[in-house]
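When reading the values below, keep in mind they use all heavy atoms of this one structure, side chains included, and skip hydrogens, waters and symmetry mates. Residue numbering restarts at 1 for every chain, and letters A, B, ... go by the order of the sequence lines.
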Number of protein chains: 2
Amino acid sequence: MTLQDIIERLQRAKALEDLQTITEELREHYATTHIVYHWVNSIGERFGAGTYSTDWVDRYLEKDYLRMDPVIFGCFQRFHPVDWKQLDWSTKAARSFLKDAISFGVGNQGYTIPIRGPNGQFALFTVSHTTTDEAWEGFIQANAHDFMIIAHEFNKKALEFETGTEVVSVPALSPRELTAMSYLAKGFSRAQAADELKISEHTLRVYIEAARHKLGALNTTHAVARALSCGLIVV
Amino acid sequence: MTLQDIIERLQRAKALEDLQTITEELREHYATTHIVYHWVNSIGERFGAGTYSTDWVDRYLEKDYLRMDPVIFGCFQRFHPVDWKQLDWSTKAARSFLKDAISFGVGNQGYTIPIRGPNGQFALFTVSHTTTDEAWEGFIQANAHDFMIIAHEFNKKALEFETGTEVVSVPALSPRELTAMSYLAKGFSRAQAADELKISEHTLRVYIEAARHKLGALNTTHAVARALSCGLIVV
DNA sequence: AAAAACCTCCCCAAAATTGGGGAGTAGAAA
DNA sequence: TTTCTACTCCCCAATTTTGGGGAGGTTTTT
């Protein structure tokens, strides 16, 4: 099975369950202990497809490990893939977490790729194995690029399933409306923003209101949040 | 030159200027019109390394194209790489922008990969060429994976140079603070959010204030914007 | 050329947010 | 064990934001 085959297999996936199956196929193909795709958001909602035992998943949820898992923590701050050995295992909680994980069949080695999508979407693609440091290093060197591509395709599919449709239509804001949203997102009060733009506060208000309506937002904060999420503005 | 060579070349880069040189080497290697890495940031500041003429870059800045460039707009909302043809060129402004771009030597074809890093960092890696639709399609099919890996390495390097250090610390918010931010981002008023959480509004206020301080935000809207940008919450 | 959207300005009163205080419990970390 | 952080509750008054109105001129789009 070549990388191309894997990608095509992924692209044929029609539902979330297919992703689950694919992790199992990948595990066999690469002869690793686990392959996991893991969707994280900080409010604790999650979706995962992977080969971890359900016992471990339950345990993870029960213990609320999401809140302290060094893998998630570390990947969240980094851009590039991380070998688990590079992470911060200094706290006691982290070490006991690792011990617990291994006892539930998670490999002693791991390589996790952080993936970010629009709207702050964040996911992880993990390969875990039980082996020596040297063997692991060789394995990762040989396959890092493949995993990167696979992780990307995985997330693409997951995003498709998640949002239902691919492109969500975003209301177009006028330049002034965008600027207004931008200033608010930067922490300016209305008065300050109006000052900065050298227009009356009343005028600024009109823009904010217009933007709010277009975005279907309930209040200013909501409007700014939407504008950010939709990528209309950047902080 | 293999992909591995390119990656190694990238990893040897010691400064931003090296990235510039590498785009030129890549252009020759792939025999395309342009290769551009483009960092889109907060306040309209940008950093670019690429083979576009300085005339075009100046023009772009002068005309404030950043605000309406369909490539940037489209990529920001998507996860996967985009062929320029898939973008929305329906507005008059977009069409005249394209015409202008081509007159400044940008190719008629383009393929842009959105890349996201921690803290809402966003960048684009673009390959542009002047050729027919068929030739272009074949070219992209053959090289998409390579470009993806290269884009990733490019951004990794750029992040290194930009931040100096690798890990930027995001303030950790407590669970309650996160929830509070989340509710606000969803458009709840304080009163509504407090109701939903079944705590007094005063308590909720304490969370919001705490979050605001941790995030170094000037007001609630700013705090929510920051929390979103840092990926602490998702709408 | 007409229609639509955009930019600018103004008023008022109700509602919400903010800025300070302070205080007690529980649990984790040092 | 002590210290620290997180969670919960309360008061008050100043300030800001919001939700409606309306009006005139300039660009785009159709």
| said: Output the rounded distance in Å from OH (A/Tyr207) to P (C/dC6). | reply: 11 Å

| Any B/Ser174 side-chain nitrogen or oxygen under 4.0 Å from OP1 or OP2 of D/dC7 | yes

| message | I'd like to know whether the aromatic ring centres of A/Phe79 and B/His152 sit less than 6.0 Å apart in this structure. | response | yes

| query | When the aromatic ring centroids of A/Phe125 and A/His38 are compared, is their separation below 6.0 Å? | reply | no

| field | Nucleotide C/dT18, atom P - distance to NE2 of B/His222 in whole Å | value | 13 Å

| message | If the condition is side-chain hydrogen bond (donor to acceptor under 3.5 Å, both in side chains), which residues does A/Tyr37 pass it with, not counting sequence neighbours? | response | A/Asn155

| For every nucleotide of nucleotides 25-30 of chain C, 5' to 3': is a protein heavy atom under 4.0 Å from its base (B), only from its sugar-phosphate (S), or from neither (-)? | ------

| said: Suppose we screen for side-chain hydrogen bond (donor to acceptor under 3.5 Å, both in side chains). Which residues come up paired with B/Glu201, at least two apart in sequence or across chains? | reply: B/Arg190

| What's the CG-C1' distance between A/Leu178 and C/dA5, to the nearest Å? | 14 Å

| Rounded (10°) bend between the five-pair end axes of the helix from C/dA1-D/dT30 to C/dA30-D/dT1 | 80°

| field | d(CG, A/Leu197; P, C/dT8) in whole Å | value | 8 Å

| message | Could you check whether any side-chain heavy atom of B/Tyr207 comes within less than 4.5 Å of a side-chain heavy atom of B/Ile199, counting everything from C-beta outward? | response | yes

| query | Should B/Thr179 and B/Ser182 be marked as a side chain to side chain donor-acceptor pair (under 3.5 Å) after you check the CA-CA gap, both sets of side-chain angles, and the distance that decides it? | reply | CA-CA 5 Å; B/Thr179 320; B/Ser182 238; over 6 Å; no

| remark: Readout for nucleotides 9-23 of chain D: B = base within 4.0 Å of protein heavy atom, S = sugar-phosphate only, - = neither; 5' to 3' it is BB-B----BBBB---

| message | Under a 3.5 Å distance rule, please check whether A/Trp89 uses its side chain to pair with a backbone N or O of A/Trp84 as donor and acceptor. | response | yes

| said: Parallel, tilted or perpendicular: which one describes the rings of B/Tyr65 and B/Trp56, with boundaries at 30° and 60°? | reply: tilted

| Can you list every pair that meets salt bridge (charged side-chain N to carboxylate O under 4.0 Å, His left out) and has a residue in residues 206-220 of chain A, with sequence neighbours left out? | A/Glu177-A/Lys214, A/Glu209-A/Arg212

| field | Minimum heavy-atom distance between B/Val82 and B/Cys75, given as atom pair plus value | value | CG2-SG, 3.8 Å

| remark: Shortest non-hydrogen pair, A/Ile233 vs A/Ala185, comes out as CD1-CB, 3.8 Å

